Amino acid sequence: MTFRLYDTATREVRDFVPLEEGKAGIYLCGLTVQSEPHVGHVRSGVNFDVLQRWLAHLGYAVTFIRNVTDIDDKILTKAADQGRPWYNLAYEMHRELDKAYAALNVAPPTYEPSATGHVPEMVELIATLIERGHAYAAADGSGDVYFDVRSWPSYGELTHQRIDDMEAAEDADPRGKRDPRDFALWKGRKDSEPQTASWPSPWGRGRPGWHIECSAMAEKYLGAAFDIHGGGVDLRFPHHENEQAQSRAAGHPFASYWMHNAWITTAGEKMSKSLGNTLSIPSVLQQVRGIELRFYMVAAHYRSHVEFSFEALQEAAVGFRRIENFLERANTPGAVDVDLPAAFVDAMNDDLGTPAAVAVIHDTVREGNRVLAAGDDTAARAARVQVVAMLDVLGLNPADPAWGPTASDDQQLTDAVDVLVRGLLDQRAQARANKDFAAADMIRDQIKAAGIAITDTPDGPTWSLEAGTK
RNA sequence: GGUGGGUUGGCCGAGAGGCGAGGCAACGGACUGCAAAUCCGUGUACACGGGUUCAAAUCCCGUACCCACCUCCA
C-alpha cells in the first residue's frame, strides 16, 4: 500500500505521487508571531512533524519548509500598544514558539524562512504579476498594489467558491481596489507606521501584504512546483486561495496536494482572551509532560476537531504511562531485529491514521506484557523494539534526547537511590517474612511518597520512578 | 446568501455497507498477606424520522442541533 493523503483541493484521499521520485517537498504555513503560542497553534506543527517523519520513514528525502510571518497589521498594532518596536515583539514571540515546538519534540524544518527576510523576492513576484496583467498599483496614490481577482478566472478553485457568491469584506475600505475582493500584495507605508516597518519597492516604500510571502518563499526553497502545502483549516480561505491564485497567475504550478489540520477548541468557550492564557503551552506543561501533550494530539486524527479538556489530557497521559511502563519492564539486554507491524504501516499510509496507529501500539504493549508475564523475555524484547520504533515515527520515543535528560539518566544519582531503596526493600522483606504487614506497608508507603513505585515480581521487588511525576 | 465539517457507549476517540478499533473509568476473575503492576473476562454505542439493501453507525431523502470559513486567524 502506498502513502495516501486527503487533498483538500480535490476533497478526496489520493495516492501520494511526488513530482520527483524519492523526494518530497512540503511547505507549511507557520505562525504569525504576534502572541504567545497556545495549544491550538502548535497542532499544525505536531501534525506536520508526523507527516515529515512518516515520509522520511518511507524513504523520501524530505525538504520541509515552515515559515514565520514576522510582519503584519497585528504585530504592528500590538507592538505599538505595548510601546516597543514591532521587531522586538515578533522576535520574542518567535523564540516562544521555538520553545513550544522544542517542548513537543517538533523537529526543526529544513529551513524556517521569515517574511521580512524575503522582501526582494516578493517584490519580484509582484512585478511579474503586474506584467502579466493580474495585479495593479492602486490608482489612489496610496502605494498599494492589489491582485486583480477578476483577471484570474479560476480564483476560488481551491475552496470551491464562486467570486460572486463571496461576501466582500464589510470593513474593506475600497481604497483603490477595482473589485472589493481584490487583496493587497503590497501595502504602501502610512505615516502612522514606523519607518522600520517599510521597505523600498518600485511602488514606493511599504510592506508586503499577508499572502505574498508564502508564494515567494515556497518558490524560492521548493521551486515553482512542489508536493504538499499545509496549514490550519482556517487558512484555506483567504490565505491559501490567494497564495495559489498569485502563484499560478505568475505561471507557477504550485502545490500538488493541500493538507489542512482541524482545530483544537475548548469547552464551549472561544480560545481567545479569557481562556487563551490558560492554554498557553507553558501553562499546559505544568500539568503534563510535553511527551504526554504530544501523545494527546497524535492520538486524534489531524483532520478531526479536538475539544480540548484537561480531563481528556490527563487520561491520555495515563494511557501513555502504561506504554512507558512496558518499555521499562521489557528493557532486557539482547538484540532483536523486527519490522514495524503491518497494521501500523497501513494505518499511517492511510492519510496518517494516527488513531489506528496508536491502537496498534496499545495492542503490541498488551501482547508484550502478556509474554513478559509468561516469562518469554525474547518475545517481550521484540515487542519492545516494535513499540519503540512506532513511537519514534510519531516523535514519541521517551528515550529521544529531544525530551531532555530525565532523572534516570543520572547514573550516579540512580545508583545512590538504588542503595537507599534496596535497604528499605530489605527491611520490608524482613517485615513481610515476620508477617508484620503494618510495618511492611508503611515502608511501601514511604517509598511511594518519594515518587518511587515498587513492583513485586516473582523474582523480588523492583523499583522505578513513577512515570508522570514532574 | 455561499463553502465546508460534525452529532458514536459513563468519558476520550477510530471506523465509512457485513466479524463490537483502541484507551480511560467501572465491574468480575487470576496473581498478591493486602495492594500496586500485569493478564483474562464483562458493553445489544452510533442525534432524530423515513427509505434503499439479504445486511446500514456507514448509502439516499428529510429534520434538529453544533462548529468553521467567506480577506485578522493554527
Side-chain angles (χ1 to χ4, degrees), chain A residues 8 11 28-32 34-35 37-48 72-75 77 149 156 159-172 180-184 209-211 230-239 241-242 260-265 268 271-272 296 299-301 303-307 309 311-320 322-323 325-326 329 343 347 350 353-363 365-374 432 435-438 440-441 444-445 448 453-458 461-462 464 466:
Chain A
T8 314
R11 298 176 183 161
L28 171 65
C29 284
L31 269 59
T32 297
Q34 45 100 358
S35 61
H38 58 61
V39 177
H41 287 137
V42 295
R43 184 180 191 188
S44 65
V46 170
N47 288 156
F48 283 87
D72 88 321
D73 293 352
K74 229 170 185 174
I75 292 173
T77 309
V149 298
T159 50
H160 308 94
Q161 302 182 87
R162 294 174 40 236
I163 293 182
D164 294 321
D165 288 337
M166 295 178 194
E167 287 180 359
E170 283 173 24
D171 61 325
R181 296 162 196 85
D182 288 351
F183 55 91
W210 176 31
H211 320 290
V233 274
D234 55 314
L235 295 182
R236 281 178 309 189
F237 192 89
H239 189 53
E241 187 73 64
N242 291 354
H260 291 98
N261 63 278
W263 292 89
I264 293 180
T265 58
M271 200 185 275
S272 52
Y296 174 62
H301 189 85
R303 282 192 286 123
S304 290
H305 166 123
V306 169
E307 182 71 39
S309 78
E311 291 72 22
L313 180 61
Q314 288 295 351
E315 189 184 283
V318 169
F320 189 72
R322 178 183 145 80
I323 296 170
N325 210 344
F326 166 68
R329 283 168 20 99
D350 186 12
T354 54
V358 167
V360 176
I361 292 178
H362 285 301
D363 288 342
V365 166
R366 194 186 331 103
E367 175 60 14
N369 275 322
R370 200 183 62 74
V371 294
L372 200 58
R432 292 175 74 195
K435 307 260 189 235
D436 183 357
F437 297 121
D441 290 349
R444 185 171 62 197
D445 291 346
K448 186 176 167 57
I454 67 169
T455 307
D456 286 323
T457 75
T462 63
S464 61
E466 281 193 78

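Lettering follows sequence order; numbering is per chain, from 1. It should be emphasised that the depicted structure is a prediction, and the values quoted were computed from it without experimental measurement.
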- prompt: Excluding sequence neighbours, so at least two apart, what forms salt bridge (Lys or Arg N to Asp or Glu O under 4.0 Å) with Asp164(A)?
  reply: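 Salt bridge (Lys or Arg N to Asp or Glu O under 4.0 Å) list for Asp164(A), sorted by chain: Arg150(A).
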query: Of all residues at least two apart in sequence or in a different chain, which pass the salt bridge (Lys or Arg N to Asp or Glu O under 4.0 Å) check with Asp363(A)?
result: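 Scan of Asp363(A) (salt bridge (Lys or Arg N to Asp or Glu O under 4.0 Å), adjacent residues dropped) gives Arg366(A).
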- prompt: Backbone N or O of Ala357(A) within a donor-acceptor pair of the Thr354(A) side chain at under 3.5 Å?
  reply: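 Answer holds: no.
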field: Donor-acceptor contact present, side-chain Ser304(A) to main-chain Ala300(A), <3.5 Å
entry: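 No; zero donor-acceptor contacts below 3.5 Å.
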Please state the [atom1] separation for the pair [N] and [M] - nearest whole angstrom.
N	M	atom1	answer
rC31(B)	rA36(B)	P	15 Å
rA56(B)	rC19(B)	P	11 Å
rG43(B)	rG28(B)	P	15 Å
rU58(B)	rG1(B)	C1'	32 Å
rC24(B)	rC39(B)	P	9 Å
rG10(B)	rC72(B)	P	44 Å
rA64(B)	rG50(B)	C1'	15 Å
rA47(B)	rC12(B)	P	14 Å

Report yes if a side-chain nitrogen or oxygen of [X] is closer than 4.0 Å to either non-bridging phosphate oxygen (OP1 or OP2) of [N]; otherwise report no.
X	N	answer
Ser309(A)	rC12(B)	no
Arg11(A)	rG4(B)	yes
His41(A)	rA74(B)	yes

With [X], which residues qualify under side chain to side chain contact (heavy atoms under 4.5 Å, CB included), at least two apart?
X	value
Leu31(A)	His41(A), Leu97(A), Tyr101(A)
Pro238(A)	Trp210(A), His211(A), Asn242(A)
Thr455(A)	Thr457(A), Thr462(A)
Glu315(A)	none

message: Can you work out whether Ala262(A) or Val358(A) has the more 5'-proximal nearest nucleotide on RNA chain B?
response: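 Closest to the 5' end, via its nearest nucleotide, is Val358(A).
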message: Need to verify one output field. Residue with the more 5' nearest nucleotide on RNA chain B, Thr159(A) or Ala299(A)?
response: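 The residue closer to the strand's 5' end, by nearest nucleotide, is Thr159(A).
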Given atom [atom1] of [X] and atom [atom2] of [N], what is their separation to the nearest angstrom?
X	N	atom1	atom2	result
His305(A)	rU8(B)	NE2	P	12 Å
His362(A)	rC12(B)	NE2	P	16 Å
His301(A)	rG6(B)	NE2	C1'	14 Å
Arg236(A)	rG2(B)	CZ	C1'	13 Å
Asp350(A)	rA21(B)	CG	P	16 Å
Asp164(A)	rG2(B)	CG	P	14 Å
Trp263(A)	rA68(B)	CH2	P	9 Å
Glu307(A)	rA68(B)	CD	C1'	13 Å

- prompt: Taking all non-hydrogen atoms of both residues, which atom of His362(A) and which atom of Gly319(A) are closest, and how far apart?
  reply: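 For His362(A) and Gly319(A), the tightest heavy-atom pair comes out as CE1-O, 4.1 Å.
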Hey, does [X] reach any base, or is it just sugar-phosphate, or nothing, if we go heavy atoms under 4.0 Å?
X	value
Asp363(A)	sugar-phosphate
Ser304(A)	sugar-phosphate
His260(A)	nothing

message: One character per nucleotide, please: for nucleotides 30-38 of chain B, 5' to 3', B when the base has a protein heavy atom closer than 4.0 Å, S when only the sugar-phosphate does, - otherwise.
response: ---BBBBSS
query: Where does RNA chain B form stems of at least three consecutive Watson-Crick or G-U wobble pairs, each pair having both distances below 3.5 Å?
result: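 Consecutive-pair runs (3 or more) involving RNA chain B: B:1-7 with B:64-70, B:10-12 with B:22-24, B:26-30 with B:38-42, B:47-51 with B:59-63.
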- request: Not counting sequence neighbours, which residues clear side chain to side chain donor-acceptor pair (under 3.5 Å) with Arg370(A)? List them please.
  value: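 So Arg370(A) forms a side chain to side chain donor-acceptor pair (under 3.5 Å) with Glu367(A).
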- prompt: Should the pair Asp165(A)-Arg162(A) be classified as a salt bridge under the 4.0 Å nitrogen-to-oxygen rule?
  reply: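 The answer is yes: the pair qualifies as a salt bridge.
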field: Out of rA14(B), rA74(B), rG23(B), whichever nucleotide has its closest atom nearest the side chain of Glu315(A)
entry: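 Of rA14(B), rA74(B), rG23(B), rG23(B) is nearest to the side chain of Glu315(A).
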Options rU71(B), rA14(B), rG2(B), nucleotide nearest the side-chain atoms of His211(A):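 Of all the options, the side chain of His211(A) is nearest to rU71(B).
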